[in-house]
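The chains referred to below are lettered A, B, ... by the order of the sequence lines, with proteins before strands, and numbering in each begins at 1.
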Amino acid sequence: MIIEELNQELRETVKKFSKEKDLDVIFKEKDIEFEISDDINRAHFSSSTPLKLAKFFKTNPVELAKNISEKINHKAISKSSVEGAGFINIFINQRHISDEVKKVLKYDKEWGKKNLKKGKVLVEFVSSNPTGPLHIGHARGAVLGNIISNLLSNEGYEVTKEYYVNDAGRQINILALSVLLETFPNKINREGLYLGNYIKDLAKKFVKSKLVYFVNEPEKILSSDTEEKIDQLITYYKEGSPKTWKQIKDFSVKEMIVLIKADLLKMEIIHDNWFYESSLGSVEKKSSSLAKALDIIVKSKNTLEKDGAIWFQGTKFGDDKNRVLLRANKEPTYYLTDVGYHKNKIDRNFDHYINIFGADHHGYVARLTSAFNLIKKSNQDIEHILYQLVNLYEGGRKSTMSTRRGKFLSLADLLNEFNSDLIKFFFLEKKYDHEIDFDTMLAKENSKNNPYFYTMYAYVRCCSILEKRKPNLNKNLDTNELLKNYELLSKIINFPFYLEKFTLERSPHSLVHFTKEVAANYHSFYEQNPVITDNQEESNARLLITKATSIVLKNSFKIIGVTPLEKM
RNA sequence: GCGCUUGUAGCUCAGCUGGAUAGAGCAUCUGGCUUCGAACCAGAGGGUCGGGAGUUCGAAUCUUCCCAGGCGCACCA
């Protein structure tokens, strides 16, 4: 890539210059670089390096810029100058642009893709409890995890997308209880249980599909405390009708996962691996990930015993309090279970781990990271990406979502209103650390303004022209045409650089904005430059620009996870 | 109270690891379809970048203090 070559040249020049001056200063690499200019009338590439280094060289920036700029030499440079407070501005020549455009066409589907082997990454995302269908908040995590995975694998990482299924624990028992009470006649108050319509559906399906044993409702008086009462009921059915309990629990979890998978499939988001909490085994079993993780942490002397429980000394690592790992009754807490899960991840030998969580989990990150660092192998590391929550509004009024109370906007309902590619653009154009207020009515009214249409329309225009006439690569390019449209071409030929940047920055929204800009440049180009004309050379150059644009848009769509349309 | 996070045009958002005149879309206003798809283009107006202070050649961007919103502070998951 030209920018990398220019940076290389710039760094060598600066190095030479400092040797001449007999100075031995080590510079930060990012201080010595060119950036792609956003104003092509000013420059194709510009650098503020002289401004940054003037102090080290004890000279004024303009002077330094002149010195450096005179020494920079690259065959692609057509003009280089010093402007402003000490910026180096350079233009590249027509020959180079033309070569680059040819390269884009040659690489086609591969343009922007790196073939280097960069290591194995495990991306965990969605991981919603199978106690209810996915809702709009999960959808945000889903599209985010998907695009981050795509960006990474495009950069040459070997990516595994994983969904962690919490199929054990109290929440699952509550799910089972909710379905059970819906299945058998009883007069028990359902307060605190899962109340969504999907529970009724599960119960109906359960009755149809299985031979069930009848269970009675408990005769003894239940606690007046909701949570206590739920636990009493769970114990009553679990111990009183173990066979039915297990049947209904397994059935409910299985069915919920079927639903979740179906929703994700509709979004064309497919996890490579579904990891079940229940497969972690028990702490009693020495060989389980749970036991191994606990063992390592205890041996690292970062635990203490209090009230019969084993606590992790989180305060040593900046947590505000210590956390229980193993309860006095030898039951693992959720924390230990998750640490055990990460032990399992570690043993599967990835180089890098990314967890994509909703921002409501942020308090959990420090804890998990400290434990991870104690049990990891060297050269492994973990990273958390937190996305802010989606607020649901109904007619301007905020409505609080709750899976338990059955109050949420399900992904399935969302998909009935909007196509999945539209939803992807909607979520991904916003940075993930920004909250989103979602009002279905408003969203319907505004859906026409979704950048999806604007961007896709540019692609459709390209396709429709290319259907009429194909560019000829063997003919000479009208280089004047290329230079005239450099603003568009700059994005096209620097596409791999942009992708690398977006991946490194973990800023998928930038890719969406980038495609919007490419589309804008193309729309503008389209209005001003009839592509199919009698002037063969001119027409061919414009066809090449059209083809190159379509390549960059198509490759971007693939990473974003939307289907390119040839007609709309 | 402590911690994390957000505050940029009327609205929805980019820009934030310091760089040149703070950008889009929507809305408002003015133009453009007999020609490759007008789901588009060209142009106009609209800003104390939440507020104060600091760091420096330079601050929307870094530091700090306020103000306002969101989230989190379990032997729940």
May I ask you to say what [X] touches in the nucleic acid, namely base, sugar-phosphate or nothing, with a heavy-atom cut-off under 4.0 Å?
X      : answer
A:V460 : base
A:N529 : base
A:S524 : sugar-phosphate
A:D307 : base
A:A168 : sugar-phosphate
A:M456 : nothing

*So which one's nearest nucleotide on RNA chain B is more toward 5', A:G308 or A:K30?*
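It is A:K30 whose nearest nucleotide is closer to the 5' end.
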_Residue whose nearest RNA chain B nucleotide is more 5′ - A:A520 or A:I465_ =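 Per heavy-atom nearest nucleotide, the more 5' residue is A:I465.
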Gap in Å between the two [atom1] atoms, one belonging to [N] and one to [M], rounded:
N     : M     : atom1 : value
B:U35 : B:A39 : P     : 13 Å
B:G51 : B:A60 : P     : 11 Å
B:G7  : B:G50 : C1'   : 6 Å
B:A59 : B:G54 : C1'   : 11 Å
B:C29 : B:U55 : P     : 48 Å
B:U61 : B:C49 : C1'   : 10 Å
B:C57 : B:A74 : P     : 47 Å
B:A24 : B:G15 : P     : 15 Å

*At under 4.0 Å between heavy atoms, which parts of nucleotides 20-35 of chain B does protein reach? Answer with one letter per nucleotide, 5' to 3': B base, S sugar-phosphate only, - none.*
BB----S-----B---
*Assign a letter to each nucleotide of nucleotides 3-12 of chain B from its 5' end: B, base within under 4.0 Å of a protein heavy atom; S, sugar-phosphate only; -, no contact.*
BBSS------
*Would you name the heavy atoms of A:S178 and A:L193 that are closest together and state the gap between them?*
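The answer is OG-CB, 3.5 Å.
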Pair assignment for [N], Watson-Crick or G-U wobble, requiring both distances under 3.5 Å:
N     : value
B:C73 : B:G1
B:G58 : none
B:A68 : B:U6
B:G25 : B:C11
B:U63 : B:A53

Using atom [atom1] of [X] as one end and atom [atom2] of [N] as the other, report the distance to the nearest whole Å.
X      : N     : atom1 : atom2 : value
A:R140 : B:C13 : CZ    : C1'   : 12 Å
A:L466 : B:C36 : CG    : C1'   : 10 Å
A:R170 : B:C75 : CZ    : C1'   : 13 Å
A:Y522 : B:C36 : OH    : P     : 13 Å
A:N450 : B:A39 : CG    : P     : 17 Å
A:L565 : B:G37 : CG    : P     : 16 Å
A:K52  : B:C57 : NZ    : P     : 15 Å
A:E35  : B:C16 : CD    : C1'   : 14 Å

*When you look at NZ of A:K547, are more than 12 heavy atoms from neighbouring residues, nucleotides or ligands closer to it than 6.0 Å?*
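12 or below, so no.
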Is the distance between the ring centroids of [X] and [Y] less than 6.0 Å?
X      : Y      : result
A:F357 : A:H362 : no
A:Y387 : A:F427 : no
A:Y454 : A:H523 : yes
A:Y164 : A:Y341 : yes
A:Y432 : A:H509 : no
A:F312 : A:F317 : yes

For [N] and [X] - does any side-chain N or O of the residue sit under 4.0 Å from the phosphate oxygens OP1/OP2?
X      : N     : answer
A:H509 : B:G15 : yes
A:S464 : B:G37 : yes
A:Y335 : B:A74 : no
A:R461 : B:A38 : yes
A:Y334 : B:A77 : no

*Considering only heavy atoms from C-beta outward, does the side chain of A:S37 approach that of A:F45 to under 4.5 Å?*
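The answer is no, as the side chains (C-beta and beyond) never meet within the 4.5 Å cut-off.
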*Would a 4.5 Å heavy-atom cut-off, applied to side chains only, mark A:L144 and A:P508 as touching?*
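SC-SC contact between A:L144 and A:P508 confirmed.
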*What is the distance from atom CZ of A:R323 to atom OH of A:Y364, rounded to the nearest 0.5 Å?*
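The OH atom of A:Y364 is 10.0 Å from CZ of A:R323, to the nearest 0.5 Å.
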*Give a yes or no on whether a salt bridge exists between A:E191 and A:K229, defined as a side-chain N under 4.0 angstrom from a carboxylate O.*
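Salt bridge between A:E191 and A:K229, a charged N being under 4.0 Å from a carboxylate O: no.
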_Proximity to the side chain of A:L51 - top-ranked nucleotide from B:G15, B:A39, B:C57_ =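 Output: B:C57.
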*Check: A:L326 main-chain N/O paired with A:Y335 side-chain donor or acceptor under 3.5 Å*: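 Answer holds: no.
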